[in-house]
Amino acid sequence: MRMSKLYLPTLKETPAEAEIKSHQLMLRAGLMRKLSPGIFSYLPLGYKVIKKIEKIIREEMDKTSSQEVLLPVMQTSKIWQDSNRWEKFGPIMIRFKDRKEHEYCLGPTHEEVITDLIKDELRSYKDLPLNLYQIQTKVRDEIRPRFGVMRSREFIMKDAYSMDEDYSGLDKSYQEMYDAYVKIFDRLGLKTHIVEADSGAMGGKDSHEFVLIAEAGEDDIVLCDNCDYAANIELAGSYLAKQTVSQDIKKKKLIDTPDIKTIQGLENFLNIDGSQMIKTMLMKVDDQLIVVLVRGDDQLNEVKLANFLQATTIEPAEEEDIFEVFNVKAGFIGPLGIEEYQIIADQRVKYLRNVVCGANIVDKHFKNINPGRDFAVDDYHDLRTVQQGDCCPECDKGHLKIKSGIELGHIFKLGTKYSESMGATYLDENGREQPVVMGSYGIGVTRIVAAAIEQSNDQNGIIWSKSIAPYQIIILPLGNNEEVQKTAKNIYEYFKKMDVEVLIDDRLERAGVKFNDADLIGIPLRITLGSRSLQNNVIELHNRQTGQDYEISLDNYKIEIKKFLSELK
RNA sequence: CGGGCUGUAGCGCAGUUUGGUAGCGCACUUGCUUUGGGAGCAAGGGGUCCUCGGUUCAAAUCCGAGCAGCCCGACCA
């Protein structure tokens, strides 16, 4: 491609709206432009990168038993009502009506469509297993789109759906996708961690995320520094030391805590650590009020609580509810004397002795409170969010690190959630009707572009890996010496003929402009030639990945550069 | 939805406090010079100053309402 013809508007200055590196560079390098918040147009260079990512995903998916389809963006409300998600998905779905007043949405995901698609065609266990995938734009009315393409309202996603007779079939399908994902991310040159994850709104059982560690990531993941334990913080297990409680049990005491409503306030006022307190919270769990206790220095993990209670919605209770249950405002609430409500506590609460908690009286707390003696707990469970430095729940020896990462892929075992509600069944060998057992497998295509840039850039711009670079070679003829122009063109034509993706900067620009743009757009190999180098019968080669420079004789540049091409990462 | 900030040329911004001819840098056009890491000089083009309303002889500037964008939070692949 000749750069004089390429629609590549690069920016010298960083747009003010872009916070993170990838967002800045995607705008500056002319990969995309914003239409409105979270909605982008992809320009030739950006779209070329997207197509390369899609190609790798396609190739690896086609090696599995999955087959590509294309499903609609515009979806009728009916299928969403069938799966009971029309209400549940909430405002994240863009909804609208057609001229006949029929309701539609723009697909935020495709479980419903795929289930609807297969339910009329699948008759027999002989039709299974089946695995279909698509690469499609999804639309979600995100509360707050940000970080460019990282959290956008329109994004391209590869999603696959597996359908099996039973759970052992699902396990196989899941493993096949898991293995394919490992290959895909490897080929993309992305160093991803595979972490245990929560299946969240999608529903289902096992789940893994493929996460790239990056400052800009929105996902917190937990890694052990000793073993290979890795999990999303939403479900990372909490280590519970073998407890020996030897402390004497002291007598309960009411104490004055004027206007002290927070754990930190109590720490300062009483000069006691948060670990010697009980934090009481009232949660609204699927419209039911439940009292939840954690240690004062712990944070409640709502995902763990939701999973334990098999709840779909969890939110902090309203002020009125708190008053109704405890007869006091937040800040002084405690678990004593509220037997008519269910009390659930984090497992670490069980081993607390002589601690502080709210007294359900304004400006008062209790001292020397002991679970069991002073109040009853209906259930103890792991409900706290793990913290940096915690002991590893897996190996017992290592300590946990918390890192932010970018979620690039997510695979779920859905089970029969959708097939049951939507009637996707088949007849088994005994002629009995059974729901199809499903799995769901997503990869964020556009997000990968951003992640790749986050992983690899420097102060001059993007540094693409070989597999997704829009072009492999960029040729910079400097000056307007005719011999230079002619030679550059010959080299360009040669690589074009060899099917190497090559750019030539034939613009009437100064050397500095060409160098800077070449760096900015991150092409792995740069060939420079000017009258100076031509006099010595050489061309200059710069490797963007290693930063190294070479002089290569014009007589054997074809072989030499081919070698460099094959050595690219 | 709550909190904070911002809307002035394609981009980055000043001007708003104290009302009085709409500016700077980059980019763009033309000419000359220059030509190996974002050139120099000269001449030029480009504005509903977010919108609507109000105050005033006079509004980018003051007042009111609205809209949009960005950041933080809740939420989320």
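First the proteins, then the strands, lettered A, B, ... as listed; each starts at 1.
- Here the P atom of nucleotide B:rC76 and the CE atom of A:Met93 are 15 Å apart, to the nearest Å.
- When the C1' atom is compared between B:rC49 and B:rG2, the two are found 31 Å apart, to the nearest whole Å.
- Contact of A:Glu13 with B:rG25 (side chain to base): a donor-acceptor pair of N or O atoms is detected under 3.5 Å.
- Of the candidate nucleotides B:rG36, B:rG12, B:rC76, B:rC76 has the atom nearest to the side chain of A:Arg151.
- For A:Phe412 and A:His410, the ring centers sit closer than 6.0 Å to each other.
- The aromatic ring of A:Phe515 does not sit over the base of B:rG36, since the test of centres under 5.5 Å and planes under 30° is not met.
- Distance CG (A:Leu520) to P (B:rG38): 15 Å, rounded to an integer number of Å.
- Base contact: A:Ser152 has a heavy atom under 4.0 Å from a base atom.
- Base pairing analysis places B:rG44 opposite B:rC28; the two distances defining the Watson-Crick or G-U wobble pair are each below 3.5 Å.
- For A:Arg510, no side-chain nitrogen or oxygen approaches OP1 or OP2 of B:rG38 to under 4.0 Å.
- For A:Gln485 and B:rU35, the CD to P distance is 16 Å, given to the nearest whole Å.
- Closest to the A:Glu407 side chain, of the nucleotides B:rG38, B:rG73, B:rA77, is B:rA77.
- Judged by distance alone, the side chain of A:Tyr178 and the main-chain N or O of A:His208 form no donor-acceptor pair under 3.5 Å.
- Residue order along RNA chain B, read from the 5' end via each residue's closest nucleotide, puts A:Lys12 first among A:Lys12 and A:Phe147.
- Residue side chain A:Ser36 does not reach the base of B:rG69 through any donor-acceptor N/O pair under 3.5 Å, judged by distance alone.
- A:Ile135 and A:Ile156 make their closest contact through CG2-CG2, 3.7 Å (heavy atoms, listed as atom of the first residue, atom of the second, distance).
- Side-chain proximity of A:Phe155 to B:rG36, B:rG38, B:rA77: nearest is B:rA77.
- Under the Watson-Crick or G-U wobble criterion, with both distances below 3.5 Å, B:rC62 is paired with B:rG54.
- With a 3.5 Å ceiling on both atom-pair distances, the Watson-Crick or G-U wobble partner of B:rA39 is B:rU33.
- For the pair A:Arg151 and A:Glu142, the salt-bridge criterion is met [side-chain N within less than 4.0 Å of a carboxylate O].
- The pair A:Lys138-A:Glu154 does not count as a salt bridge, with every side-chain nitrogen at least 4.0 angstrom from each carboxylate oxygen.
- A:Leu8 places its CG atom 19 Å from the P atom of B:rG38, with the value rounded to the nearest Å.
- Here, B:rC50 and B:rA9 have their P atoms 8 Å apart, quoted to the whole Å.
- Within the nucleic acid shown, A:Lys34 comes within 4.0 Å of sugar-phosphate atoms alone, with no base atom in reach, counting heavy atoms only.
- One atom, CZ of A:Arg144, and another, P of B:rG69, lie 13 Å apart when rounded to the nearest Å.
- Pair check for B:rC5 finds B:rG69; Watson-Crick or G-U wobble, both atom distances under 3.5 Å.
- When the C1' atom is used for both B:rG53 and B:rG10, the distance is 31 Å, rounded to whole Å.
- Comparing the P positions of B:rG20 and B:rA65 gives a spacing of 24 Å, expressed to the nearest Å.
- One interatomic measurement links the two molecules: CG of A:Leu11 to C1' of B:rG38, which rounds to 13 Å at whole-angstrom precision.
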Taking it one step at a time, do A:Glu112 and A:Arg85 satisfy salt bridge (charged side-chain N to carboxylate O under 4.0 Å, His left out)?
-> CA-CA 9 Å; A:Glu112 277 75 4; A:Arg85 288 212 294 181; 2.8 Å; yes
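- The A:Ile143 side chain lies nearest to B:rA74 when the options are B:rC71, B:rG38, B:rA74.
- Pair assignment for B:rA74 gives none, since no Watson-Crick or G-U wobble pairing has each distance under 3.5 Å.
- Taking the P atoms as reference points, B:rC71 lies 41 Å from B:rA58, given to the whole Å.
- A:Glu209 comes within 4.0 angstrom of nothing in the nucleic acid, heavy atoms only.
- Taking every side-chain heavy atom of A:Glu302 into account, B:rC75 is the closest of B:rG36, B:rU34, B:rC75.
- In this structure, A:Arg28 reaches the bases: a heavy-atom distance under 4.0 Å links it to at least one base atom across the strands shown.
- Aromatic ring centroids of A:Tyr550 and A:Phe564 lie under 6.0 Å apart.
- The separation of B:rG66 from B:rG19, taken at their C1' atoms, amounts to 24 Å, rounded to a whole angstrom.
- The partner of B:rU21 cannot be assigned: no Watson-Crick or G-U wobble pair with both contacts below 3.5 Å exists in any strand.
- The side chain of A:Arg146 contributes an N or O atom lying less than 4.0 Å from OP1 or OP2 of B:rC72.
- Ion pair A:Arg507/A:Asp517 flagged as a salt bridge, since at least one NZ, NE, NH1 or NH2 atom sits closer than 4.0 Å to an Asp/Glu carboxylate oxygen.
- Comparing B:rU6 with B:rG12, their C1' atoms are spaced 14 Å from each other, to the whole Å.
- Nucleic acid contact for A:Gly530: base, since at least one base atom lies under 4.0 Å from a heavy atom of the residue.
- Nucleic acid contact for A:Asp519: base, since at least one base atom lies under 4.0 Å from a heavy atom of the residue.
- Under 4.0 Å is where a charged nitrogen must lie from a carboxylate oxygen, and between A:Lys34 and A:Glu17 at least one such pair does.
- The nearest heavy atom of RNA chain B to A:Pro37 and to A:Glu142 marks one nucleotide each, and the one closer to the 5' end goes with A:Pro37.
- Rounded to a whole angstrom, the distance from the C1' atom of B:rG47 to that of B:rC24 is 15 Å.
- The CG-C1' distance, from A:Asn481 to B:rU35, rounds to 12 Å in whole Å.
- The separation between A:Tyr441 atom OH and B:rA77 atom C1' is 17 Å, rounded to whole Å.
- A donor-acceptor contact under 3.5 Å links the side chain of A:Arg526 to the base of B:rG37.
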